Amino acid sequence: MIKLTLPDGGILEVENGATVLDAAGQISRSLAKIAVCGVSDGKMVDLSTALTRDTSLRIVTEKDPEALEVLRHTTAHIMAQAVKRLFSPVAVAIGPAIDNGFYYDFDLDHTFSDEDLATIEKEMRNIIKENIPITRRTLSAREAQDYFHEKKEPYKEELLRDIPPEEPISLYEQGDFSDLCRGPHLPATGRVKHFRLLSVAGAYWRGDEKNKMLQRIYGTAFFSGEALDDHIRAMEEARMRDHRKLGKQMGLFHIEPDFGPGLVYWLPKGAFIRRKLEDYLIDELIRAGYSIVNTPHISKSDLWKTSGHWNFYRENMFSPITIDEEEYLLKPMNCPFHVLIFKNETRSYRDLPVKTAEFGTVYRYERSGVLHGLMRVRGFTQDDAHIFCRPDQLHQEIMDLIAFTKRVLHVFGFEKFDVYLSTRPEKYVGELEQWDIATRALEEALKDTGLDYTVDPGEGVFYGPKIDIKIRDSLNRSWQCTTIQVDFNLPQRFDIHYIGDDGEPHRPIMIHRALMGSLERFFGVLIEHYAGAFPAWLLPVHAKILPIADRHLDYAGRIKDALSNSGVYADIDSRNEKVGKKIRDAQVTEKVPYMLIIGDKEEEEKTVSVRSRTGEDLGSFTLDDFTRLVLDDIRLKR
RNA sequence: GCUGGUGUGGCUCAGUGGUAGAGCAACGGUUUCGUAAACCGUCGGUCAGCGGUUCAAAUCCGCUCACCAGCUCCA
């Protein structure tokens, strides 16, 4: 007998050699039914794993988050098996579980179509019906090499070469299919029930564009039909919220693909919202001690040579413009200009930190395949700022920035963030020692604010490491907006300094930061986050007045004027339409916060009937009460 | 940039070799209406662009551009 320590601290005695499933069954029959795998000694193991010594054991069930990973991984194997049954020859590459599902990469001559997905799905259902046991066996590196060589799986052979020789190599087999895999897996194909293949796309082998492009099939799987349906519904919801769709429908922005892909036109309503965002932010910036500046859109290439952009960022810059035989470049960043503003006067250590902020419009060349609505464009406006500070101020400034960022993002209802610390990339400028100091400063600030963060090795900018804060929106999707970057390099390149209390010149440290990131992207995120239903404080129309018949137009006009005098923006739908149609347009298409329905009754009682865009009838209001309601919304930014 | 798909009036889409269609929007009228689409009529397209095949091309072929799903990259 051996002793198993369970998560609750209890000890379970089982026979030496009993499997994880046996142990689960010994705890309870129902547990064994929903068991997916086990965690023993901190390692995920199959249900069929034999236990041969005293150890800790936790049974992972369908309710645990890790279980989905196992399910999806197994579903990926079933998909690969189906593809191998249907097509030949096929080489399989990798097929992991990912955030919302799984994928598998294949190399074959036939190109998959959507019809193929249906066929593959059908074959997968066959495999599931066959309820094939999934078994694991381990073999030596040599055996594995021979095995996959014989099976003509060159990608597996390549993967094998990267596995350290001392590590055991495991193979998972289900009937006519086998795969190199760490596992664990479900015990049989029949355990997979609710899945869906979603799309097919190209993907480079190992994500490197120098390698061959493979075909990737994406899919997802869940333990219950409801969970799968929920997920499909959420995908549908995300499609409905797509900022490109809503932007068109609501008249927020526009792009002219024929006259400049990735270049954004802010339509009146979108431009109004942008102005409100800018006003709000400028207010906050001034309060936080920033100076608002404006700088040119182009400058001579010399500036970009000095800054290092010409060497390290050229592939993202637009081609030079020649003016009076001099070469000018469109700015991809604002930082060199802010450095020049700093340099424009002699700075004392007492002046520091100097904080310059600008809504600076920059242009970056992006490869044609990556443009995406407002999220990825070629011209955008950053809510950019640069902080020039003394070394002893660095830590506090970063702390302040993180707090400032959180405060502003909370206003928009963003409560959850993913924080990344990106370290030195392959192409970089400056000395290693300074990179270390900068990276440490960011890391310490992160630790001191108590934020959880992930290190992203090699993902920093060429001049310094950075903290990226990704926003989770209302659908729990993640967007990168905020970035905080420490830079020792530009101050050096431009030879800027301040006079210290010792009367000597000293080099300041520079922090680059963008909070919303780009106004375009932030706007896109907001559209999807709010599903187009912007809070009143950002909107050009707070209330749509909907007269029932033409004879109410006079009263409608008087209401509009009265509201306007108290700072509530109202519009009248004076079209010759029935009120149902006016409601539909105001609520569904325009998403105006309030609709004021007025007819004989309202005119008689000097009231308005208020309907919210959520569809709720809020009842009859006096004009004063309604004004107060809207002004409260605006004041509280709700 | 790469792989696959798509490109038809302002919008959403039908039309697979034989004279370009629908709904919505716009415009003109009728109707004056009580909480998610009234009715009638009118206008509007060198079918992304260029070239080719054909008696004949939105439709078949080639190139270019753009968009979409990804890969890669990033605010």
Side-chain angles (χ1 to χ4, degrees), chain A residues 103 105 111-114 116 198-218 239 242 244-245 248-249 251 254-262 313 315-316 332-334 360 362 364-384 422 459 461 466 468-470 479-483 485 512-522 524-525 546-553 575-589 595-602 609-613 615-619:
Chain A
Y103 68 79
D105 288 347
T111 49
F112 290 129
S113 65
D114 286 349
D116 291 333
L198 297 171
S199 60
V200 52
Y204 298 106
W205 166 237
R206 300 198 144 180
D208 188 333
E209 62 186 275
K210 288 187 208 76
N211 290 338
K212 181 164 186 186
M213 182 160 280
L214 311 172
Q215 296 187 65
R216 173 173 298 178
I217 300 178
Y218 285 93
R239 258 194 295 280
D242 190 313
R244 293 165 298 185
K245 179 186 156 83
K248 194 175 279 185
Q249 177 193 315
H254 173 224
I255 290 169
E256 292 275 357
D258 291 342
F259 300 111
Y313 205 70
E315 64 203 33
N316 283 295
M333 294 188 193
N334 305 297
V362 298
R364 296 184 186 174
Y365 171 73
E366 296 288 352
R367 301 158 109 191
S368 60
V370 305
L371 301 176
H372 180 87
L374 292 175
M375 303 303 191
R376 192 70 184 279
V377 293
R378 284 183 172 155
F380 58 98
T381 302
Q382 294 182 304
D383 64 321
D384 207 359
S422 301
E459 291 302 310
V461 206
K466 61 173 179 172
D468 284 330
I469 300 179
K470 296 192 183 178
W479 300 102
Q480 190 189 327
C481 295
T482 304
T483 178
Q485 311 171 347
H512 309 239
R513 60 105 268 200
L515 202 164
M516 296 179 178
S518 96
L519 294 178
E520 283 76 5
R521 179 178 289 178
F522 196 75
V525 171
L546 312 180
I548 303 249
D550 287 352
R551 65 175 177 281
H552 307 118
L553 280 172
R575 294 175 305 168
N576 180 3
E577 294 286 356
K578 295 170 90 165
V579 73
K581 167 72 166 164
K582 294 182 182 182
I583 285 171
R584 187 185 167 85
D585 287 346
Q587 182 174 323
V588 179
T589 309
M595 285 152 278
L596 306 181
I597 291 124
I598 57 168
D600 292 338
K601 183 168 82 86
E602 288 76 14
S609 283
V610 182
R611 180 186 165 102
S612 125
R613 66 183 158 197
E616 198 184 347
D617 186 349
L618 302 181

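Order of the sequence lines sets the chain letters (A, B, ...), proteins ahead of strands, with each chain counted from 1. Bear in mind the structure is a predicted one, so any value in this text is a computation, not a measurement. Just the heavy atoms: all of them, side chains too, but no hydrogens, waters or symmetry mates, feed the values below.
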How would you label the contact of [X] with the nucleic acid (heavy atoms, under 4.0 Å): base, sugar-phosphate, or nothing?
X: A:S113; value: nothing
X: A:L214; value: nothing
X: A:D550; value: base
X: A:D468; value: nothing
X: A:V579; value: sugar-phosphate
X: A:K212; value: nothing
X: A:G207; value: sugar-phosphate
X: A:G599; value: base
X: A:V362; value: nothing
X: A:G517; value: sugar-phosphate
X: A:R551; value: sugar-phosphate

Flag side-chain contact, heavy atom, 4.5 Å: A:K582 against A:P547
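Counting from C-beta outward, A:K582 and A:P547 do come under 4.5 Å.
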Side chain proximity check, A:I598 to A:L546, heavy atoms < 4.5 angstrom
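A side-chain contact is absent here, since even the closest heavy-atom pair is not under 4.5 Å.
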Roughly how far apart, to the nearest Å, are [N] and [M] at atom [atom1]?
N: B:C24; M: B:A66; atom1: P; value: 35 Å
N: B:G29; M: B:C43; atom1: C1'; value: 14 Å
N: B:A57; M: B:G17; atom1: C1'; value: 6 Å
N: B:U59; M: B:G7; atom1: P; value: 11 Å
N: B:U8; M: B:A58; atom1: P; value: 15 Å
N: B:C74; M: B:C65; atom1: P; value: 24 Å
N: B:A37; M: B:C55; atom1: C1'; value: 48 Å
N: B:G18; M: B:C60; atom1: P; value: 11 Å

So does [X] pair up with [Y], basic N to acidic O under 4.0 Å?
X: A:E209; Y: A:R367; answer: yes
X: A:D242; Y: A:R244; answer: yes
X: A:D468; Y: A:K466; answer: yes

What's the [atom1]-[atom2] distance between [X] and [N], to the nearest Å?
X: A:Y204; N: B:C73; atom1: OH; atom2: P; value: 11 Å
X: A:D585; N: B:C11; atom1: CG; atom2: C1'; value: 13 Å
X: A:R367; N: B:G1; atom1: CZ; atom2: C1'; value: 4 Å
X: A:D258; N: B:C65; atom1: CG; atom2: P; value: 13 Å
X: A:M375; N: B:C73; atom1: CE; atom2: P; value: 20 Å
X: A:K578; N: B:U35; atom1: NZ; atom2: P; value: 10 Å
X: A:L546; N: B:A38; atom1: CG; atom2: C1'; value: 17 Å

Return the stacking result for B:G70 and A:Y218: yes when the ring centres lie under 5.5 Å apart and the planes under 30°, no otherwise.
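Stacking is absent between B:G70 and A:Y218, given that the ring centres and planes do not meet under 5.5 Å and under 30°.
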For [N] and [X] - does any side-chain N or O of the residue sit under 4.0 Å from the phosphate oxygens OP1/OP2?
X: A:K248; N: B:A25; value: no
X: A:Q480; N: B:A75; value: yes
X: A:R244; N: B:C68; value: yes
X: A:K581; N: B:U35; value: no
X: A:R239; N: B:A69; value: no
X: A:H372; N: B:A69; value: yes
X: A:K245; N: B:U12; value: no
X: A:S368; N: B:G1; value: yes
X: A:R216; N: B:A69; value: no

If [N] has a Watson-Crick or G-U wobble mate with both distances under 3.5 Å, name it; if not, just say none.
N: B:C67; result: B:G5
N: B:C24; result: B:G10
N: B:U46; result: none
N: B:C55; result: B:G18
N: B:A36; result: none

From [options], pick the nucleotide closest to the side chain of [X]?
X: A:P261; options: B:U12, B:A66, B:G34; value: B:A66
X: A:Y365; options: B:C33, B:A75, B:G1; value: B:G1
X: A:E459; options: B:C74, B:G1, B:G34; value: B:C74
X: A:K601; options: B:G34, B:A66, B:A75; value: B:G34
X: A:R584; options: B:A36, B:G1, B:C33; value: B:A36
X: A:A549; options: B:A36, B:U32, B:G34; value: B:U32

Between A:R613 and A:V461, name the one whose nearest nucleotide on RNA chain B is closer to the 5' end.
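Result: A:R613.
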When you match A:M213 and A:E366 each to their closest nucleotide on RNA chain B, which lands nearer the 5' end?
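By nearest-heavy-atom nucleotide position, the 5'-most residue is A:M213.
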Do [X] side-chain and [N] base share a donor-acceptor contact under 3.5 Å?
X: A:Y103; N: B:G70; answer: no
X: A:E256; N: B:A66; answer: no
X: A:Q215; N: B:G70; answer: no

Is a side-chain donor or acceptor of [X] paired with a backbone partner of [Y] at a separation under 3.5 angstrom?
X: A:Q215; Y: A:F112; answer: yes
X: A:D383; Y: A:S518; answer: no
X: A:R378; Y: A:G260; answer: no
X: A:R521; Y: A:M375; answer: yes

Check against side-chain contact (heavy atoms from CB on, under 4.5 Å), A:D600 and A:R551:
CA-CA 9 Å; A:D600 292 338; A:R551 65 175 177 281; 2.9 Å; yes
